[in-house]
There are 2 protein chains.
Amino acid sequence: MATIRDVAKLADVSVSTVSLALSNPARVSPKTLEKIRHAVAAVGFVADPLAQSLARGRSRMIGFVVGNVGNPFFGDIRRELENYALDHNHFVLVTDSSGKTAREKAMVEHLIGLKTAGLALAPSGHDQDYLDFVAGLNVPIVCFDQKVAGIERDFVGSDNHLAGAMLTEHLLQLGHRRIAFITGPSHMHTATERYRGFTDTMANAGVEVNPNFVVDGQFTRTAGYEAAMRLLIQLERPTAILGANNTVALSALQAMQELGFRCPEDISLAMIDNVQWSSVITPRITMVVQDTLALGGIIARRLMHRITNPQGAVEPPQDFVLTPKFVSGNSCRRV
Amino acid sequence: MATIRDVAKLADVSVSTVSLALSNPARVSPKTLEKIRHAVAAVGFVADPLAQSLARGRSRMIGFVVGNVGNPFFGDIRRELENYALDHNHFVLVTDSSGKTAREKAMVEHLIGLKTAGLALAPSGHDQDYLDFVAGLNVPIVCFDQKVAGIERDFVGSDNHLAGAMLTEHLLQLGHRRIAFITGPSHMHTATERYRGFTDTMANAGVEVNPNFVVDGQFTRTAGYEAAMRLLIQLERPTAILGANNTVALSALQAMQELGFRCPEDISLAMIDNVQWSSVITPRITMVVQDTLALGGIIARRLMHRITNPQGAVEPPQDFVLTPKFVSGNSCRRV
DNA sequence: CAGTTCTATCGAACCGGTTCGATTTAATCA
DNA sequence: TGATTAAATCGAACCGGTTCGATAGAACTG
């Protein structure tokens with residue numbers, strides 16, 4: 001591998017001039033620049049990013065930290081970020097914490113060690129320890145998905161209260177009154193907001209929420225399945241189930257199928273967030289989806305802004321909250 | 001951030017002794033080691049991975065390069081690799097090439113620039129250029145999924161010929177004769193092998209393959225959809241469709257639903273590779289799945305072996321081919 | 001006890017760039 | 001034309017570690 005000294009020798013200039021010419025061509029005389037360009041081409045010089053990062057104290061890499069890269073929600077955002085970053089000469093490193101806070105911390109620390117220029121982070125924690133950890137990170141960071149109280153960073157996400165409210169309203173309009181809600185973890189902002197959207201809308205409509213109809217699905221497959229089962233074995237069953245996210249809703253669908261309930265004939269179902277291949281799932285689930293492309297675009301732009309603009313680093317954090325979209329399926333029937 | 005020189009100063013030894021003590025404690029006297037340990041703790045020293053990588057010429061990072069991290073097949077493998085790597089003090093960097101060879105090259109080059117210890121690569125190319133490129137990479141590499149002729153590297157994958165054959169045999173057993181096949185890109189080993197498995201089995205059974213029943217789905221959603229449409233509008237329709245991968249098969253299911261065909265009553269469907277939530281897709285597709293956990297485990301072990309063992313680097317490349325598994329659904333009916 | 005072999009530690013060079021103050025050269029001004 | 005200023009280039013220090021040959025002292029040998 002050719003080094004900058006090889007180039008300097010061949011071009012018959014000093015190493016520092018080569019470095020200067022490469023990073024700021026305008027500050028070098030045209031003929032010197034030409035010599036250096038020739039030499040670079042001749043020896044096939046490519047700057048070592050590691051050495052560069054070490055010397056500069058920062059790299060051209062962006063860390064993307066989420067709990068599940070396989071989730072299409074994160075996948076779409078990743079793609080948007082990646083495209084934008086590549087256009088701006090940055091490189092995205094993806095890491096998956098599997099939702100574990102400890103692993104996330106380790107990964108973030110590793111990324112910081114790599115002198116990443118910035119981080120797109122879907123926070124997995126919420127306690128004081130975690131807040132301190134994030135606050136202590138001295139890099140541009142854009143948080144997304146989960147709004148965590150106490151984190152003073154840019155945030156990009158959707159209006160989750162509205163998402164819950166939209167689906168609840170839809171079910172109410174169809175005549176449902178016995179509506180069940182499968183929640184997510186109570187420490188997650190998305191989960192509590194969606195749930196609030198549900199209860200607020202129910203209250204506004206003057207419909208009481210049956211406490212037995214609120215079960216905890218933890219946003220996971222197993223817990224969602226169990227929660228759904230708990231709903232379905234009740235003597236007085238709900239006429240509609242609202243899943244706080246895609247995983248618990250589809251687990252509920254599976255539980256319904258296994259117990260022989262038909263959807264929507266016996267029980268209606270609605271969910272927040274899309275999944276891959278939702279178009280071939282029968283019935284097509286009525287859902288509220290987030291605009292992942294827009295979210296990804298905003299995250300990308302905001303992060304690159306903070307990274308590239310000198311004063312961008314000190315701008316006060318800002319929240320970007322998008323309106324989710326209602327997508328009608330055929331999983332909800334009129335009662 | 002504390003540096004190694006801070007530690008050296010506090011422990012009153014030379015920098016090189018500190019470095020030695022940290023990387024090879026046995027070669028330092030017990031009392032010196034103790035002093036250094038104290039100093040490390042006192043200043044909170046953590047070695048800068050960048051500086052370390054630069055000096056050593058290699059890092060503790062492993063690059064994971066695939067065309068679609070969202071695909072659960074790759075997701076499962078990634079998880080296995082990651083767990084194993086973390087246990088062995090290595091760190092996985094995930095990159096997604098979106099299936100584009102050019103982008104994959106750029107990403108691999110970047111990873112090499114980062115002095116990654118090794119690469120788990122799902123190759124996206126096949127031409128001479130690409131072969132030369134891969135051959136020129138001077139890092140431990142384990143290829144998986146696509147077996148590319150001419151790449152002299154470890155390979156981990158499944159018996160794709162068998163996968164195609166199993167499903168074909170199953171359909172033949174059920175009495176089907178007019179079996180259609182939606183293929184993948186002809187330059188992909190998995191695609192051609194699966195197709196060969198189909199044709200060989202058909203030939204063995206003495207059943208002729210109708211050329212109109214073989215359509216190209218490119219392993220993509222749009223092409224798969226088009227291909228399926230082309231099958232479904234024929235006057236003499238197939239009684240069964242075999243999708244060479246999950247994407248084309250599910251696209252076919254969608255096409256069938258849109259045209260009003262019922263599966264399996266009107267047309268049977270089978271596919272190779274699982275998808276997320278296949279359990280709630282109606283009907284449950286009969287399929288042949290790869291043992292992703294085993295594949296991931298082998299990839300991880302093989303790669304770490306080459307990385308950590310001095311002589312591991314020069315071992316001749318080896319192929320690991322696993323037997324896929326038949327998973328019965330209810331998408332195929334007897335005719 | 002002189003000669004040899006370990007063992008523990010050190011100093012200096014190195015990995016491959018960047019950066020900044022100093023110096024040389026060229027251009028502008030009185 | 002000599003003084004002043006700007007532009008171009010250079011040298012050396014630095015980023016934060018690793019590595020290897022050198023050295024000094026301890027332990028072993030005959």
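For clarity, every value in this text was computed on a predicted model and none was experimentally measured. Chain letters run A, B, ... following the sequence lines, proteins first, then strands; residues in each count from 1.
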Between atom [atom1] in [X] and atom [atom2] in [N], what is the gap in whole Å?
X       : N      : atom1 : atom2 : value
A:Leu33 : D:dA7  : CG    : C1'   : 15 Å
B:Leu22 : D:dG17 : CG    : P     : 9 Å
B:Glu34 : C:dA8  : CD    : C1'   : 17 Å
A:Leu20 : D:dA8  : CG    : P     : 10 Å

> Does the ring center of B:His88 lie less than 6.0 Å from the ring center of B:Tyr84?
Replying inline: yes

> For the rings on B:Phe144 and B:Phe64, is their centre-to-centre separation under 6.0 Å?
Replying inline: yes

For [X] and [Y], does a side-chain donor sit closer than 3.5 Å to a side-chain acceptor?
X        : Y        : value
B:Gln146 : B:His126 : no
B:Ser16  : B:Ser19  : no
B:Gln52  : B:Asp48  : no

> Is there a donor and acceptor pair closer than 3.5 Å between the side chain of B:Ser14 and the base of C:dG11?
Replying inline: no

> Does B:Ser19 get its side chain close enough to the base of D:dG17, under 3.5 Å, for a donor-acceptor pair?
Replying inline: no

>> As a quick check of understanding, evaluate side-chain contact (heavy atoms from CB on, under 4.5 Å) for B:Leu303 and B:Ile307, giving each step before the final call.
In response: CA-CA 6 Å; B:Leu303 191 53; B:Ile307 289 173; 4.0 Å; yes

If you restrict it to nitrogen or oxygen atoms, what contacts under 3.5 Å exist between nucleotides 14-16 of chain C and the protein, and what is each distance?
| from | atom 1 | to | atom 2 | distance (Å) |
| --- | --- | --- | --- | --- |
| C:dG16 | N7 | A:Arg5 | NH2 | 3.1 |

> Between A:Arg27 and A:Val15, which has a closest nucleotide on DNA chain C that is more 5'?
Replying inline: A:Val15

>> Would you compute the distance between atom NZ of A:Lys115 and atom OG of A:Ser53 and round it to the nearest 0.5 angstrom?
In response: 8.5 Å

> From B:Ile141 CD1 over to B:Thr116 OG1, what is the distance, rounded to the nearest 0.5 angstrom?
Replying inline: 8.5 Å

> With a non-hydrogen cut-off below 4.0 angstrom, is A:Val13 in contact with a base, only sugar-phosphate, or nothing?
Replying inline: sugar-phosphate

>> So B:Ser29, base contact, sugar-phosphate only, or nothing? Heavy-atom distance under 4.0 Å.
In response: sugar-phosphate

>> Let me check the geometry of the helix from C:dC1-D:dG30 to C:dA30-D:dT1. What is the bend angle between the axes at its two ends, five pairs each, to 10°?
In response: 40°

> Relative to A:Phe133, does A:Lys105 satisfy both conditions: NZ or CZ under 6.0 angstrom from the six-membered ring centre, and within 45 degrees of the ring's axis?
Replying inline: yes

